[in-house]
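In listed order, ligands and their atoms are each counted from 1. We number each residue from 1, following the sequence as shown.
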Amino acid sequence: MGEEARVSPLKNFVAGGVAGACLLLAGHPLDTIKVRLQTQPKAPCAQYVLYRGTYDCFRKTVTKEGVLGLYKGMGAPLAGVAPMMAISFFGFGLGKQLQQPDPNKPLTHTQIFLSGCLGGVFTTVIVAPGERIKCLLQVQASGGSSRYAGPVDCAIRLYKTQGIRSVYKGTVLTLIRDVPSNGLYFLTYEVLKNFLTPEGQSVSQLSTPKILLAGGIAGILNWTIALPPDVLKSNFQTAPDGKYRGVVDVLRTLLREEGPKSLYKGFNAVFLRAFPANAACFLGFEVALKGLNAFVPSL
Ligand SMILES: CC(=O)O[C@H](CC(=O)[O-])C[N+](C)(C)C
């Protein structure tokens, strides 16, 4: 693999930022639904459940809060997703460069996977606090209370009351979610890009529908392994302090109270979102990269 020209980590960083903005705009409404479904309180019987499913959650959110309700909690990701994807693409590019001293020697699948994993390690520094704040805001809106006025207020209060540990609550689960899924994400995209490139053509000439297809599938596969740790993370990060003793305790509690199916809570919302959001993400990346190559080739 790898007849593609080598892209500098800096170009990956800038184009990754554009990719992140596209990902957020296309995916945030379904992300709100996902978090609300994942964290809704367990009802004594089906009749009292707050949201009966993806459509029910969508309908109730729009009826109660308007369409903008779907964009609740977007302040933190807005400031977080673009840099997160910028760092993710940067880490991926750096990982590839570190493992490929000779640009003419193609990388193996394992090396591509490991490059993606490196991106996942780097992003955790900003993703863990970003997710903590985002989930708290999404859940408080769904519960009807407004303890935090917004992302900055939330970050300040968490920091003031319990320090940096509270802001970074859920870091281990974020690593468990993002390191392997990042590896699979980039590996899938690169493999599909090569597969979809007609014989004798360069991968950089891939058509828009094929980029969308490769990006969308990469997003879906990424979530098949990211969803169970994501459910644990959302529950852990939004739980009152002291409710869980740690990662294993959240897993045990969820399995005991709601069974193994609970690890795929929010499945419909996640998979409905994954394809369009990640298709938009990779298209944004490729378009931005073409722009950078044309206007700032030396970057
Ligand atoms: C698990 C996750 O956040 O996936 C990201 C894409 C998405 O659908 O939000 C991509 N990445 C694996 C780079 C974090």
Side-chain angles (χ1 to χ4, degrees), residues 12-13 15-35 38 73-74 76-78 80-96 112-135 138 170-190 192 212 214-234 237 263-286:
N12 264 327
F13 182 85
V18 176
C22 297
L23 176 85
L24 188 69
L25 284 175
H28 193 76
L30 278 155
D31 186 71
T32 300
I33 292 177
K34 176 202 80 174
V35 173
Q38 285 178 341
M74 204 168 114
L78 201 60
V81 173
M84 180 270 273
M85 289 307 285
I87 295 172
S88 182
F89 275 92
F90 169 82
F92 176 58
L94 184 68
K96 288 208 294 190
I112 295 174
F113 175 78
L114 290 174
S115 307
C117 289
L118 184 67
V121 175
F122 285 0
T123 55
T124 296
V125 180
I126 59 167
V127 171
E131 285 276 316
R132 164 98 156 122
I133 293 164
K134 183 201 74 165
C135 289
Q138 285 174 318
T171 299
V172 173
L173 278 164
T174 306
L175 278 166
I176 296 173
R177 184 191 74 166
D178 286 352
V179 174
S181 67
N182 228 64
L184 185 61
Y185 186 64
F186 286 108
L187 175 63
T188 309
Y189 183 64
E190 295 256 319
L192 284 176
L212 292 172
I217 295 177
I220 292 208
L221 286 189
N222 150 61
W223 276 106
T224 51
I225 59 167
L227 188 51
D230 185 64
V231 173
L232 300 179
K233 182 197 68 57
S234 297
Q237 288 185 317
L263 292 177
Y264 277 89
K265 264 197 212 175
F267 180 93
N268 289 342
V270 165
F271 287 96
L272 274 174
R273 170 192 169 279
F275 192 98
N278 288 287
C281 172
F282 278 105
L283 183 62
F285 176 80
E286 299 292 351

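Inspection of the Asn182 and Ser88 side chains reveals an N or O donor paired with an N or O acceptor under 3.5 Å.
A distance limit of 4.0 angstrom between heavy atoms and ligand 1 selects the residues Leu23, Met85, Ser88, Arg177, Asp178, Asn182, Tyr185, Asn222, Trp223, Ala226, Arg273, Asn278.
With rounding to the nearest 0.5 Å, the separation of CG in Leu94 from CG in Leu118 is 6.0 Å.
Under the 30°/60° scheme for interplanar angles, the aromatic rings of Phe92 and Phe186 are found to lie parallel. Between Phe285 and Phe89, the two ring planes are parallel [angle under 30°; tilted spans 30° to 60°].
Between Asp230 and Arg177, the shortest heavy-atom contact is OD1-NH1, 2.7 Å.
The side-chain heavy atoms of Tyr189 and Ile217, taken from C-beta on, include no pair separated by under 4.5 Å.
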